[in-house]
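Accompanying notes for the structure given below.
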There are 2 protein chains.
Amino acid sequence: MNRVYNFSAGPSMLPLEVLEKAAAELVVYGESGMSVMEMSHRSPDYEAIINDAEAMLRKLMNIPDNYKVLFLQGGASTQFAAVPLNLIGRTGKADYVVSGQFSGKAYKEAQKMGYDVKCVATTKDDNFDHIPTVTKDMIRPDASYVHVCFNNTIYGTKYSYIPDTGDVPLVADMSSCIISEPVDVSKFGVIYAGAQKNMAPAGLTLVIVREDLLDYADPKMPTMLEWKTMAENGSMYNTPPCYTIYVAKLVYEWILSIGGLDEMKKRNEEKAAVLYDYLDSQDYYVAPVKKCSRSMMNVTFVTGDADLDKKFASEAAKAGLKNLKGHRSVGGMRASIYNAMPKAGVEKLVEFMKAFAEANPKN
Amino acid sequence: MNRVYNFSAGPSMLPLEVLEKAAAELVVYGESGMSVMEMSHRSPDYEAIINDAEAMLRKLMNIPDNYKVLFLQGGASTQFAAVPLNLIGRTGKADYVVSGQFSGKAYKEAQKMGYDVKCVATTKDDNFDHIPTVTKDMIRPDASYVHVCFNNTIYGTKYSYIPDTGDVPLVADMSSCIISEPVDVSKFGVIYAGAQKNMAPAGLTLVIVREDLLDYADPKMPTMLEWKTMAENGSMYNTPPCYTIYVAKLVYEWILSIGGLDEMKKRNEEKAAVLYDYLDSQDYYVAPVKKCSRSMMNVTFVTGDADLDKKFASEAAKAGLKNLKGHRSVGGMRASIYNAMPKAGVEKLVEFMKAFAEANPKN
């Protein structure tokens, strides 16, 4: 079985143990006589799966009892609309921090919908090479919420702190850092994340929302985007993405089995250090992100020569290191090293980087 | 490998060949070095999969070139909102035929959103035991569209005809009959369907929309629900439900391999005949649906005694015939016999029905 190291920004690697378990029980699950793909979402077999998934995630993330956990569809992009539709009724206005492309999209979506939204901080003029400093005095005290994107997949930046927004609920898109390390959920009003980076195949969106924030939905909004409706129906107002939730459950189980998010963080820090330590030790490659905002999940670097960058990605793929081409808005390379990327994959990448630098001297 | 016959209304059976193929290539797909679950949706390997899925579906359904095929998320329930958001801008009003619970939900969703919608026909007073007759003169000539649910999963009814709505586009929810037989797509403005009955695991929604209907979207609507945005981005405005689309592709491939929708219809007619012929030949069980509106996919029947009905579903499950309990709003039993249900499963059900009737005489 010839598996490569897949540095894709998402969808991305899943733990081999999870894939092997899913494959082994794909045709018949346990004593059910059928595939999880074929199960009625109302059946006891499936209810056990979704209930276990929620219980495991609550344990992993230490989610307080006054937060609802929702398993939804549509990706973080759907939440860009759902967030204002569910929350802006609090006060009629909302504040956004724009630290990259996806937080920019979230901001624009709320603008497009005709709401009073304000960009309170951005690092756009620095091509998003760091996370803005957000302080309470920058935020409108009567904002319904403040929206941030906690890890910026494209640029390779991450908040090194949780902004203090006072009484204004903090809403965070955590698509590319969810369950990569412990996070104090109680500091957030809402956390949401597309599953396809650290949790499951694409097609599942996680929303964790504080119960007191469920009462501000626009009465005319699409029912399927209403968090309260989904919370009241245990994520089963309609048929949920059952199989994808099942794979997420296997992933949660795997993280719990290795020691939970403390151990996950330790492994992720070690992996990131292998790459950043090498980047800091030489000058062939440049890491464009400021050290204070470095992401543990997405590591960007450039040679400074677009042709060399192209050659790098192409030769790396031939060496079994796939999807290292950076996003077109940054250029260069991006190594996405989510939970499921083994340390050996990062070590192999660094070996390749050294060999490539030696074989391709710059003029 | 102990597989049961699963008569669930959805999610429901998938062809065994499809499940076995998915299991065999789950950990590594072809020469890609990774699972389909892990593939970047922008990678050539994945683009081949989604392009093949669309090409196969177009071939299967003979979809005209002036229709777009969209692979979306959120289920038919999300389309209950998306339909008016995308279409009602044509004229500002829309007509609905209410032939069961889901068409009722679609109608209520449009009402809730504040639109001028009219129920032009319903069989509610007959507990939806048949499909209403819809004629052109019942429809407001300036309606943006007429919405129907083509097969009613809960009641076991189906349109035996395509309503002639003149110049008013016909929009059909085909969740529970899609790709079960040939249908003249050109008679519809929009066809949509949740995938979890005849196409794939839950988590994928198919929308087939005539191109000239893409220009009426509410400018303030959630971008993710805009058909035009999705069409312009080849269903990849954001990350699509990649793995579920891959399984749908395997299902399309399977139907093409057995002879396409003509053969599928033949098999489905044969299966349904086994059950309906038996029901018509005896008087222990009653089929509540009028013959003119019988569904080929969902067959409902009752003993007339709630305790016997309960005993039936429970004993059938023990005999490997699962999920035969009817929906609570109808009671009795429902056998969902979608594409993937083998004829042997229906024959075994009829044998069981005969034995049960004999062993449980009514007083």
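Chain letters run A, B, ... following the sequence lines, proteins first, then strands; residues in each count from 1. Computed from a prediction, not measured in an experiment: that's the story for all the values here.
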Completion exercise
If one checks every heavy atom of A:P84 against chain B at 4.5 Å, the contacting part turns out to be neither
Handout entry: Minimum-distance pair of heavy atoms, taken over all atoms of B:L19 and A:L26
Key = O-CD2, 3.4 Å
Completion exercise
chain B shares the most heavy-atom pairs under 4.5 Å, among A:A82, A:A23, A:C242, with A:A23
Completion exercise
Residues of residues 35-43 of chain B with a heavy atom under 4.5 Å from any heavy atom of chain A, in residue-number order, are B:S35, B:M37, B:E38, B:M39, B:S40, B:H41
Handout entry: Residue A:S77 versus chain B: region with a heavy atom under 4.5 Å
Key = both
Problem - 4.5 Å side-chain heavy-atom contact, A:K112 and B:P219 - result: no
Fill in the blank from the handout: Turns out that what part of B:T223 lies under 4.5 Å from chain A's heavy atoms comes down to both
Problem - Heavy atoms from other residues, nucleotides or ligands near NZ of B:K105 exceed 12 (cutoff 6.0 Å) - result: yes
Fill in the blank from the handout: Okay, B:A81 and chain A: the region with an atom under 4.5 Å from a heavy atom over there is side chain
Practice task
Look at B:G320, B:S8, B:P11, B:P201 and state which one has the largest set of heavy-atom pairs under 4.5 Å with chain A.
Solution key: B:P11
Practice task
Considering only heavy atoms and a distance below 4.5 Å, find which of A:G203, A:A22, A:G10 pairs most often with chain B.
Solution key: A:G203
Problem - side-chain contact (heavy atoms from CB on, under 4.5 Å) involving A:T153 - partner list, sequence neighbours excluded - result: A:A9, A:S176, A:K197, A:N298, A:R334, A:Y338
Practice task
Flag the pair B:N2 / A:V28 as yes when at least one side-chain heavy-atom distance between them is below 4.5 Å, and no otherwise.
Solution key: no
Practice task
Give the member of A:Y243, A:Y46, A:Y5 that has the highest number of heavy-atom pairs under 4.5 Å with chain B.
Solution key: A:Y243
Handout entry: Close contacts, residues 224-239 of chain B versus chain A, judged by heavy atoms under 4.5 Å
Key = B:M224, B:L225, B:E226, B:Y237, B:N238, B:T239
Practice task
Against chain A, work out which of B:G194, B:G114, B:S32 has the most heavy-atom pairs shorter than 4.5 Å and name it.
Solution key: B:S32
Handout entry: Which portion of A:L85 sits near chain B, non-hydrogen atoms under 4.5 angstrom
Key = side chain
Completion exercise
For residues 319-329 of chain A, the side-chain hydrogen bond (donor to acceptor under 3.5 Å, both in side chains) pairs (sequence neighbours left out) are A:N6-A:N323, A:H327-A:S329
Exercise for the section: Could you check B:R3 against A:V27 for side chain to side chain contact (heavy atoms under 4.5 Å, CB included), going step by step and ending with a plain yes or no? Expected result: CA-CA 8 Å; B:R3 299 245 319 154; A:V27 179; 3.9 Å; yes
Exercise for the section: Determine the option with the most heavy-atom pairs under 4.5 angstrom with chain B, choosing from A:A340, A:P222, A:A24, A:A200. Expected result: A:P222
Handout entry: Closest-packed option against chain A by number of heavy-atom pairs under 4.5 Å, given B:E25, B:M13, B:Q73
Key = B:Q73
